[in-house]
Chemist: 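Before I ask anything, here is the structure I am working with.
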Amino acid sequence: MRMSKLFSRTLRETPAEAEITSHQLLLRAGFIRQLAAGIFSYLPLARRSLTKIENIIRQEMDAIGGQEVSMPVVHPAEIWQKTGRWYEIDAEMGRFQDRSGRDMVLAMTHEEVVADLVRGEVHSYRQLPLMIYHIQTKWRDDPRPRAGLIRVREFTMKDSYSLDADFDGLDVQYRAHYQAYFNIFHRCGLPVIAVKSDVGMMGGKLAHEFMYLAPVGEDTLMLCEGCGYSANRQVAVFRKPLLPHEEPLLVEKVSTPEMKTIADLAEFLNIPESKTAKAVFLIATIPEGEDTREQFVFAVLRGDMELNESKLVNAIKAQALRPAMEDEIIAVGAVPGYASPLGLENVLVVVDDIIPDSPNLVAGANQAGYHLRNVNYGRDYQADIVVDIAAAQDGDACPKCGAKMKAQRGIEVGNIFKLGTRYSEAMGAEFLDADGESKPVVMGSYGIGSGRTLACVAEEYNDENGLVLPVSVAPYQVHLVVLTGKGDEESSDVAERLYFDLQAAGVEVLFDDRQESPGVKFNDADLIGLPIRLTVSQRSLKAGGVELKRRDQADSRVILSDRIIPVVKDEIAALQKEIDQRVIAVDFRED
RNA sequence: CGGGGCGUAGCGCAGUCCGGUUUAGCGCACCGCGUUUGGGACGCGGGGGUCGGCGGUUCAAAUCCGCCCGCCCCGACCA
């Protein structure tokens, strides 16, 4: 490609809306342009990189038995109504009506369509296992798109779907994806970890997320440096420190004026925060058939812990959760700041599982200015549910080995879900097993965001001058720069011939043939970040050939004219080898 | 949805408080001519704006007031 004809141009200054590195560089280098919040165009350079990423994905999917298909972006609402997600999912789903008034859905994912296809195509256990995938546009109307390509509303996802006769088969395909995903990201040069994750609205049994660790990430991960336990904080468990055993004492009311927070209370009574019980009030939206109802939830945790809303949502099977307003709290008979689990009505009480083992806590008295000492679960109050609802914090003890865990931020570039039979049952996707019995197909679903992957690669590979792209993802392998002074036709001629010869040899070349000063050309080459730069100029020709510089190295060297093609090919092979060496077998771990 | 910020040429900005010599300006980018060519060149000459939109106040609005829209950041949210 000639830069004089390239559709996109580089920007000298960073657009004001871009804050994070990958967004700034992808804009400045002319990879992407924004149309609206969370909606982007991908210009030729980005398109080529995405195609490379997608082809890596295709190869790895095909290698584990995947068959590429292409499913629609527009779905009739009925299939989403059948699985219930039409009702469960709120404004995130794009809905519209076609010309005859039928409700339609913009694809956010394709479990429904897959199950519908399976109903028609799969009838026998002899056909299973199967795996299909496609790479296609998704619309998810996220309330707050941000950070360039990291979090967008319209995006391209590779989503694959495994189909099995039983859960053992699902496990095999799940593990195959687990390894394939590592291969894909490693081939893109992206370091990732797999963490156990929330199954969320997908439902299902087990899920992992593939995370690129970065401070700009929006997920918090709990990572144990002792044994390697790793989980999204939404599901991370931890060893809760036990309190010393005590016999239950008599409840005793104590005056605690103006002590509305746990910290104040603990200091006032001169006790550790772990000797208090904390009340958190929430309003949960609980699905009931095609409708929902609101449920007041009273969550009780020990004072030294924080509520994990994801765990609570899962524990009570809520669709949504929000903090309760003060008047709602008063309406159920509680006193904000002095709330007690004792004696409330029409309230779902959920108690963290460490509470029954934490004797003689200080809790609110449901009376302004007073708390109760020696409150004991079981004797003084009962819960509707006792379950782990506490959020793991940086420094908490690993559930497996007890070592300290670190909290780190990450960006989710892929996920894998064991769905089970939720969608196949709802859609009637059944097959006959060897006994002639009708059974729902066991499904898994697996996603990778290709645009987000590109953004993470940009986030990982850059320096103060621009992108430094891995050869497997770079839109071109070689950036050919020609510097021509007045009357210098030799450099132009050599560069033109080299441009032709390199392409004939199968090398992908971006040729900067523009009438620009050397500074502009070098700076643009650095900004775009192709792995190899070749410079043809009077200076290089006098030295005997063409200058070669790797983007990831500071020094350059002159290659003799007749050696250029083989040297460039060797250089590309060496870069590719560096990437290939990252592709290694990984141990599957459930957490 | 709550809080904050911003909206003037393709990009970056000044002008807005305090309305009127500004014909709306500067840098970059763009077009023409000439010079220049190893790290974001120079001279001369040009083109490009419903000042986010609508309404209001006024003799007069980029500037004051109201409503709306859009974008960014923090939070809530997130398959």
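Chain A is the first sequence line, chain B the second, and so forth, proteins listed ahead of strands; every chain is numbered from 1. Both backbone and side-chain heavy atoms feed into the values below; hydrogens, waters and symmetry mates do not.
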Chemist: Are any of A:R9's side-chain N or O atoms less than 4.0 Å away from OP1 or OP2 of B:A29?
Modeler: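 Answer is no, no contact under 4.0 Å.
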Chemist: For a quick check, tell me whether the side chain of A:E547 and the base of B:G38 share a donor-acceptor pair closer than 3.5 Å.
Modeler: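 Answer yes: a donor N or O sits under 3.5 Å from an acceptor.
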Chemist: Salt bridge check: are A:E54 and A:R47 linked by an N-O gap of less than 4.0 Å?
Modeler: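 Here A:E54 pairs with A:R47 in a salt bridge, since their nearest N and O are under 4.0 Å apart.
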Chemist: For A:A543, report the nucleic acid contact type (base, sugar-phosphate, nothing); a contact means any heavy atom under 4.0 Å.
Modeler: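 The residue A:A543 makes no contact with any strand.
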Chemist: Just N and O in the side chain of A:Q34: are any of them under 4.0 Å from OP1 or OP2 of B:C72?
Modeler: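 Yes.
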Chemist: Could you tell me the separation between the NE2 atom of A:H23 and the P atom of B:C72, rounded to a whole number of Å?
Modeler: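 Taking atom P of B:C72 as the reference, NE2 of A:H23 is at 8 Å.
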Chemist: Tell me what A:D526 touches on the nucleic acid: a base, only sugar-phosphate, or nothing, going by heavy atoms under 4.0 Å.
Modeler: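 The answer is base, as A:D526 lies within the cut-off (heavy atoms under 4.0 Å) of a base atom.
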Chemist: Please classify the nucleic acid contact of A:D90 as base, sugar-phosphate, or nothing, using heavy-atom distances under 4.0 Å.
Modeler: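 The residue A:D90 makes no contact with any strand.
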Chemist: Can you tell me the distance, in whole Å, between the CZ atom of A:R151 and the P atom of B:C77?
Modeler: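 My rounded result for the distance is 11 Å.
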Chemist: Could you work out, with ring pair (Phe, Tyr, Trp, His ring centres under 6.0 Å) as the rule, every residue matching A:H479, not counting sequence neighbours?
Modeler: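 For A:H479, no residue satisfies ring pair (Phe, Tyr, Trp, His ring centres under 6.0 Å) once neighbours in sequence are set aside.
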Chemist: Roughly how far apart, to the nearest Å, are B:C6 and B:U63 at atom P?
Modeler: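 Each nucleotide's P atom is 16 Å from the other's.
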Chemist: For atom C1', what is the distance between B:A14 and B:C69, given to the nearest Å?
Modeler: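 Roughly 25 Å separates the two C1' atoms.
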Chemist: Sort me out a list of protein N/O and nucleotides 44-54 of chain B N/O pairs below 3.5 Å, or just none if empty.
Modeler:
none

Chemist: What is the separation between atom CD1 on A:I448 and atom P on B:A79, rounded to the nearest whole Å?
Modeler: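 Checked: the CD1 to P distance equals 19 Å.
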Chemist: Is a side-chain N or O of A:S450 found less than 3.5 angstrom from the main chain of A:L50, in a donor-acceptor match?
Modeler: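 Side chain of A:S450 to backbone of A:L50, a donor-acceptor pair under 3.5 Å: no, none is there.
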Chemist: May I ask you to decide whether A:D171 forms a salt bridge with A:R175, counting only side-chain N to carboxylate O separations under 4.0 Å?
Modeler: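 Salt bridge present between A:D171 and A:R175.
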Chemist: Within this structure, what is the NZ-to-P distance between A:K418 and B:A79, rounded to whole angstrom?
Modeler: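 In whole Å, B:A79 P and A:K418 NZ are 21 Å from each other.
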Chemist: Answer with base, sugar-phosphate or nothing: what part of the nucleic acid does A:R33 contact at a heavy-atom distance below 4.0 Å?
Modeler: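 Contact class for A:R33: none.
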Chemist: Strictly by Watson-Crick or wobble contacts shorter than 3.5 Å, is anything paired with B:A60, and which nucleotide is it?
Modeler: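 Checking every strand shown, B:A60 finds no partner, since no pair has both distances under 3.5 Å.
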Chemist: Would you kindly give the CG-to-C1' distance between A:D512 and B:G38, to the nearest whole Å?
Modeler: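 The distance from CG of A:D512 to C1' of B:G38 comes to 13 Å, rounded to the nearest Å.
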Chemist: Under a 3.5 Å cut-off for both distances, is B:G19 Watson-Crick or wobble paired, and to whom?
Modeler: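 When the pairing criteria are applied, nothing turns out to pair with B:G19, so the answer is none.
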Chemist: Confirm from the modelled atom types if A:S517 and B:G40 form a donor-acceptor pair under 3.5 Å, side chain to base only.
Modeler: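 Check fails, no donor-acceptor contact within cut-off.
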Chemist: Between B:U57 and B:C65, how many Å separate the two P atoms, rounded to a whole number?
Modeler: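 One P to the other, the span is 15 Å.
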Chemist: Could you check whether A:A36 gets within reach of a base, just the sugar-phosphate, or nothing at all, counting any heavy atom under 4.0 Å?
Modeler: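 Since only primed, P, OP1 and OP2 atoms lie under 4.0 Å of A:A36, the category is sugar-phosphate.
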Chemist: Rounded to whole angstrom, note down the P distance from B:U16 over to B:C28.
Modeler: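 Result for the P pair: 24 Å, nearest Å.
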Chemist: Please confirm whether the backbone N or O of A:I389 pairs with a side-chain atom of A:D352, one donor and one acceptor, at under 3.5 Å?
Modeler: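 Yes.
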Chemist: Taking 4.0 angstrom as the limit, do A:R409 and A:E459 come out as a salt bridge?
Modeler: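 No salt bridge links A:R409 with A:E459.
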Chemist: Between A:F281 and A:F298, is the ring centroid distance below 6.0 Å?
Modeler: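 Yes.
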Chemist: Select from A:R144 and A:T535 the residue whose nearest nucleotide in RNA chain B is closer to the 5' end of that strand.
Modeler: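 By nearest-heavy-atom nucleotide position, the 5'-most residue is A:T535.
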Chemist: Tell me the ring-ring contact (aromatic ring centres under 6.0 Å, His included) pairs involving residues 541-561 of chain A, sequence neighbours left out?
Modeler: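 Listed by first then second residue: nothing to list.
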Chemist: Can you list the residues that meet the ring pair (Phe, Tyr, Trp, His ring centres under 6.0 Å) rule with A:F182, with sequence neighbours excluded?
Modeler: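 For A:F182, the residues satisfying ring pair (Phe, Tyr, Trp, His ring centres under 6.0 Å) (neighbours in sequence not counted) are A:Y178, A:H186, A:F210.
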Chemist: What nucleotide among B:C30, B:A79, B:G38 has an atom nearest to a side-chain atom of A:E92?
Modeler: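 Of the options given, the side chain of A:E92 lies nearest B:A79.
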Chemist: Whole Å only: how far is the CG atom of A:L541 from the P atom of B:G38?
Modeler: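 Going from CG in A:L541 over to P in B:G38 covers 13 Å.
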Chemist: Partner lookup for B:G2, please. Criteria are Watson-Crick or G-U wobble with both distances under 3.5 angstrom; report none if nothing qualifies.
Modeler: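 Answer to the pairing question: B:C74, which forms a Watson-Crick or G-U pair with B:G2.
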Chemist: Could you work out which one of B:G39, B:A76, B:A79 sits closest to the side chain of A:T109?
Modeler: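 Among the listed nucleotides, the one closest to the side chain of A:T109 is B:A79.
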Chemist: If we take the C1' atom in both B:C71 and B:G25, what is their distance in whole Å?
Modeler: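 It comes out at 24 Å once rounded to the nearest Å.
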Chemist: Could you run through nucleotides 6-13 of chain B and give me one letter per nucleotide, 5' to 3': B if any protein heavy atom sits under 4.0 Å from the base, S if only the sugar-phosphate is that close, - if neither?
Modeler: -----BSS
Chemist: Regarding A:Q234, tell me which of base, sugar-phosphate or nothing describes its non-hydrogen contacts under 4.0 Å with the strands shown.
Modeler: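 Here A:Q234 touches no strand at all.
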Chemist: Please state how far atom CD in A:E412 lies from atom P in B:C78, giving the value in whole angstrom units.
Modeler: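 Value for this atom pair: 13 Å.
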Chemist: Look at all strands and tell whether A:R533 reaches a base, only sugar-phosphate, or nothing, counting heavy atoms closer than 4.0 Å.
Modeler: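 Base contact.
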Chemist: Any N or O donor-acceptor pair under 3.5 Å from the base of B:A79 to the side chain of A:R85?
Modeler: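 No, no donor-acceptor pair under 3.5 Å.
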Chemist: Using Watson-Crick or G-U wobble geometry with both distances below 3.5 Å, tell me the partner of B:G45, or none.
Modeler: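 B:C31 - that is the nucleotide pairing with B:G45, both distances being under 3.5 Å.
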Chemist: Could you work out, with ring pair (Phe, Tyr, Trp, His ring centres under 6.0 Å) as the rule, every residue matching A:Y446, not counting sequence neighbours?
Modeler: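 Scan of A:Y446 (ring pair (Phe, Tyr, Trp, His ring centres under 6.0 Å), adjacent residues dropped) gives A:H177.
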Chemist: Please determine whether a side-chain nitrogen of the Lys or Arg among A:D116 and A:R119 lies less than 4.0 Å from a carboxylate oxygen of the Asp or Glu.
Modeler: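 A salt bridge is present here (some side-chain N lies under 4.0 Å from a carboxylate O).
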Chemist: Roughly how many Å apart are B:A29 and B:C74, using the P atom of each and rounding to a whole number?
Modeler: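 Roughly 32 Å separates the two P atoms.
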Chemist: Indicate, with a heavy-atom threshold strictly under 4.0 Å, whether A:R146 touches base, sugar-phosphate, or nothing.
Modeler: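 Sugar-phosphate only.
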Chemist: Taking the side chain as every heavy atom from C-beta outward, state whether A:Y161 and A:M71 have any atom pair closer than 4.5 Å.
Modeler: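 In short, these two side chains touch, coming nearer than 4.5 Å.
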Chemist: Classify A:G519 by what it touches in the nucleic acid, base, sugar-phosphate, or nothing, heavy-atom distance under 4.0 Å.
Modeler: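 Sugar-phosphate: the residue A:G519, judged by heavy atoms under 4.0 Å, touches backbone atoms but no base.
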Chemist: Show the nearest heavy-atom pair for residues A:S445 and A:L419, with the distance to one decimal.
Modeler: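 Shortest heavy-atom contact: CB-CD1, 3.7 Å.
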Chemist: Expressed as a whole number of Å, how far does the P atom of B:G40 sit from that of B:G47?
Modeler: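 The same atom, P, in both gives a distance of 31 Å.
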Chemist: Counting only side-chain heavy atoms from C-beta out, which of B:G40, B:U37, B:A79 sits nearest to A:P518?
Modeler: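 The answer is B:U37, which lies nearest to the side chain.
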Chemist: Distance check needed: B:G40 P versus A:R514 CZ, whole Å only.
Modeler: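 Whole-Å distance recorded here is 14 Å.
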Chemist: When rounded to the nearest Å, what value does the distance between P atoms of B:G20 and B:G39 take?
Modeler: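 Straight-line distance between the two P atoms is 47 Å.
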